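Quantities reported herein were computed from a predicted structural model and do not represent experimental measurements.
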Amino acid sequence: MDSAKERVFIFDTTLRDGEQSPGASMNPDEKLRIARQLEKMGVDIIEAGFPVASDGDFASVRQIAMEIRGCQIAALARADKTDIDRAWEAVTEAAAPRIHTFISSSDIHLKYQLRKSRAEVLKEACAAVAHACGYTRNVEFSPMDATRSDRDYLCEMVEAVIAAGATTVNIPDTVGYAIPEEFGELIATLYAKVKNIRQAVISVHCHNDLGLATANALTAIKHGARQVECTINGIGERAGNSAMEEVVMALKTRKDLFGLETGIKTEYIHQTSRLLTQITGIPVQPNKAIVGANAFAHESGIHQDGLIKEKTTYEIMTPQSVGISETHFVLGKHSGRHAIAERLREMGYNLSEEELNRVFFHFKELADVKKEVFDEDLEAIVYEEISRGEEKYRFLYLNVVSGNATVPTATMQMEVDGEMVQEAGFGVGPVDAIFAAIRKITKTNHPLLKYAVNAVTGGTDAQGEATVQLKFNGRSAVGRGAHPDVLVASAKAYINALNRLEWLSKDARMVTTT
Ligand code: KIV
Ligand code: ZN
């Protein structure tokens with residue numbers, strides 16, 4: 001194996017496959033913020049989106065391609081000239097653009113979805129790669145549903161697309177069906193049977209339907225794969241994709257076994273995970289490997305005893321190696337603008353002067369009622385002040401009367417397209433009444449998929465963080481709001497979800513992938 005192959009390339013698809021998680025849609029500013037963070041952490045390739053899917057996706061990929069200079073920027077395209085032209089148009093200004101084109105290779109997809117023969121699909125795959133190569137040498141091809149495809153046909157397709165010019169061939173386990181041993185054998189078979197395989201980097205893209213996405217990706221690496229497609233926190237279609245932090249930390253922690261490097265600066269993992277959670281509102285389960293709240297928490301007395309004596313007794317990697325610091329930073333009402341700016345920078349937020357002013361003003365308001373302001377509070381403020389995009393609806397005022405001897409009533413004032421509107425709503429409880437008032441004001445009635453409230457930090461003076469997921473026209477949006485008063489937080493979250501749905505409905509999606 002030559003030395004160039006001692007590196008595993010990290011292809012991050014948080015902004016494309018990750019964005020396909022229900023409710024995970026991000027606005028262009030949010031996507032750019034994630035892209036900057038991925039660049040900072042050393043990702044090799046960012047898949048920025050699927051430009052033909054919508055005008056919004058196109059614009060966002062283009063913006064990322066123009067701004068991010070330290071990573072290759074990939075755009076997804078079906079094996080179709082129009083798609084590929086649009087993808088190229090979106091990434092053409094990138095420092096290192098890549099076109100990623102795909103078509104299904106399994107008989108199930110050919111028969112029921114594409115309604116084409118193997119010969120036809122093979123021809124289209126090669127034509128697509130050749131067309132993309134007319135624009136750039138950096139072309140990736142994916143035979144979708146590879147793991148359920150006939151092996152000989154898959155080998156034939158991989159060989160043909162490499163001959164047509166593909167420099168990366170990605171083997172997707174599209175429906176998360178593969179078992180590690182079997183997936184490793186598939187990669188080994190490709191290496192054994194495809195004559196020109198060493199002219200391309202072999203990549204894998206694993207879905208997590210059976211909870212095996214990371215295991216499959218690692219087994220593929222053992223058998224020669226040198227690019228892994230993954231997402232932060234493992235978000236993605238259905239059960240998600242291989243989690244970048246898991247793949248990277250497994251390679252790092254078990255270097256003895258793999259002997260391979262990635263370019264990821266692992267100390268940014270925690271920060272990046274938090275940023276994505278903040279932006280999408282999709283929480284990380286507490287026991288999630290590497291980035292879950294409990295990933296480094298030792299509860300058992302025997303374990304704690306061992307750790308005090310020698311850390312390596314129960315710790316296979318340090319919290320510091322993934323960016324979790326031992327000291328908790330606390331700010332308060334005497335903290336100045338400079339201290340806030342510095343802390344935000346350390347947390348990964350590089351704000352403009354104007355953004356910092358808004359965050360600082362909000363911080364002061366919070367610090368007046370809350371003695372200690374933690375990182376989590378600052379993150380919630382940044383989300384409130386910066387991550388909003390266009391706002392059709394704005395929260396102005398809320399008064400709630402509630403209790404067991406009255407009809408819960410909410411009086412609300414909001415701005416709708418710049419006009420002040422006021423209404424009262426009744427409900428079985430205060431939150432029900434608030435949502436009724438908002439529905440009246442906005443003349444909407446979208447199904448509520450989820451409503452939850454969490455404390456941002458500990459303590460009874462903690463800010464409440466509310467999450468609301470609404471559905472409209474087959475798409476859903478997650479809104480969040482934070483405030484020391486959980487009822488205000490709930491109202492803000494509902495309004496935020498409505499604004500996000502507004503934005504989504506303006507960016508009509510023409511196509512989706514898996
Ligand atoms: O899961 C899949 O097959 C995909 C392809 C577009 C690579 O996301
Ligand atoms: Zn996928």
Side-chain angles (χ1 to χ4, degrees), residues 11 13 16-18 20-21 47 50 76-80 100-126 128-129 140-162 166 168-194 197 200-225 227-231 234 236-243 247 511-514:
F11 176 111
T13 184
R16 200 276 299 167
D17 211 317
Q20 290 171 217
S21 310
E47 185 163 57
F50 185 28
L76 187 68
R78 288 169 300 186
D80 167 275
H100 176 192
T101 184
F102 71 96
I103 193 164
S104 293
S105 55
S106 69
D107 287 338
I108 303 179
H109 283 206
L110 264 57
K111 182 170 175 196
Y112 296 108
Q113 200 178 9
L114 300 179
R115 301 205 169 98
K116 287 181 180 160
S117 68
R118 286 187 184 179
E120 280 172 299
V121 169
L122 185 64
K123 204 165 145 205
E124 285 181 25
C126 294
V129 169
E140 171 170 338
F141 173 79
S142 291
M144 187 151 92
D145 205 17
T147 49
R148 293 192 301 164
S149 303
D150 175 80
R151 293 258 168 126
D152 289 338
Y153 180 59
L154 183 67
C155 289
E156 191 184 352
M157 187 180 268
V158 171
E159 190 163 319
V161 294
I162 295 175
T168 302
V169 177
N170 178 46
I171 306 300
D173 183 23
T174 303
V175 290
Y177 179 72
I179 303 296
E181 198 183 344
E182 179 191 32
F183 194 51
E185 273 168 19
L186 173 60
I187 303 299
T189 303
L190 289 170
Y191 270 99
K193 294 204 169 154
V194 175
I197 196 145
V201 172
I202 296 304
S203 166
V204 288
H205 175 112
C206 303
H207 278 274
N208 205 28
D209 299 66
L210 294 173
L212 295 169
T214 299
N216 281 332
L218 292 171
T219 313
I221 289 171
K222 265 274 166 221
H223 288 84
Q227 175 180 287
V228 174
E229 302 201 353
C230 47
T231 59
E237 187 78 29
R238 307 183 308 280
N241 292 65
S242 305
V247 173
V511 200
T512 51
T513 53
T514 53

Quick one, [X] and [Y] - any side-chain contact, counting heavy atoms below 4.5 Å?
{"X": "Phe11", "Y": "Val201", "result": "no"}
{"X": "Thr219", "Y": "Glu181", "result": "no"}
{"X": "Thr189", "Y": "Leu154", "result": "no"}
{"X": "Arg118", "Y": "Asp150", "result": "yes"}
{"X": "Leu190", "Y": "Val169", "result": "no"}
{"X": "Ile171", "Y": "Pro143", "result": "yes"}
{"X": "Phe141", "Y": "Val158", "result": "no"}

Side-chain donor/acceptor of [X] to backbone N/O of [Y], under 3.5 Å:
{"X": "His207", "Y": "Gly240", "result": "yes"}
{"X": "Tyr177", "Y": "Arg148", "result": "no"}
{"X": "Ser21", "Y": "Gly236", "result": "yes"}
{"X": "Thr101", "Y": "Ala77", "result": "yes"}
{"X": "Thr174", "Y": "Asp145", "result": "yes"}

Euclidean distance, [Y] [atom2] relative to [X] [atom1], rounded to 0.5 Å:
{"X": "Ser106", "Y": "Gln113", "atom1": "OG", "atom2": "CD", "result": "8.5 Å"}
{"X": "Asn216", "Y": "Asp173", "atom1": "CG", "atom2": "CG", "result": "5.5 Å"}
{"X": "Ser142", "Y": "Ile103", "atom1": "OG", "atom2": "CD1", "result": "12.0 Å"}
{"X": "Gln20", "Y": "Thr13", "atom1": "CD", "atom2": "OG1", "result": "7.5 Å"}
{"X": "Asn170", "Y": "Ile202", "atom1": "CG", "atom2": "CD1", "result": "9.0 Å"}
{"X": "Glu182", "Y": "Glu185", "atom1": "CD", "atom2": "CD", "result": "7.5 Å"}

So which atom in [X] and which in [Y] form the shortest heavy-atom distance, rounded to 0.1 Å?
{"X": "Met157", "Y": "Ser104", "answer": "CE-O, 4.2 Å"}
{"X": "Phe50", "Y": "Arg16", "answer": "N-CG, 4.1 Å"}
{"X": "Cys206", "Y": "Phe183", "answer": "SG-CE2, 3.5 Å"}
{"X": "Ile187", "Y": "Ala225", "answer": "CG2-N, 4.1 Å"}
{"X": "Val129", "Y": "Ala166", "answer": "CG1-N, 3.4 Å"}
{"X": "Val194", "Y": "Cys155", "answer": "CG2-O, 3.6 Å"}

**Message:** If you apply the rule side chain to side chain contact (heavy atoms under 4.5 Å, CB included), what do you find for Thr147 with Leu186, and how did you get there?
**Reply:** CA-CA 8 Å; Thr147 49; Leu186 173 60; 4.1 Å; yes
**Request:** State which residues pass side chain to side chain contact (heavy atoms under 4.5 Å, CB included) with Asn208; sequence neighbours excluded, sorted by chain then number.
**Result:** Ala213, Ala239
**Request:** Output, in order, the C-alpha distance, side-chain angles, deciding distance and verdict of side chain to side chain contact (heavy atoms under 4.5 Å, CB included) for Leu122 and Tyr153.
**Result:** CA-CA 9 Å; Leu122 185 64; Tyr153 180 59; 4.0 Å; yes
**Request:** Run through Glu229, Glu47, Gln227 and flag the one making a side chain to side chain donor-acceptor pair (under 3.5 Å) with His205.
**Result:** Glu229
**Item:** Pair Lys193-Arg151, side chain to side chain contact (heavy atoms under 4.5 Å, CB included): steps then yes or no
**Value:** CA-CA 10 Å; Lys193 294 204 169 154; Arg151 293 258 168 126; 6.0 Å; no
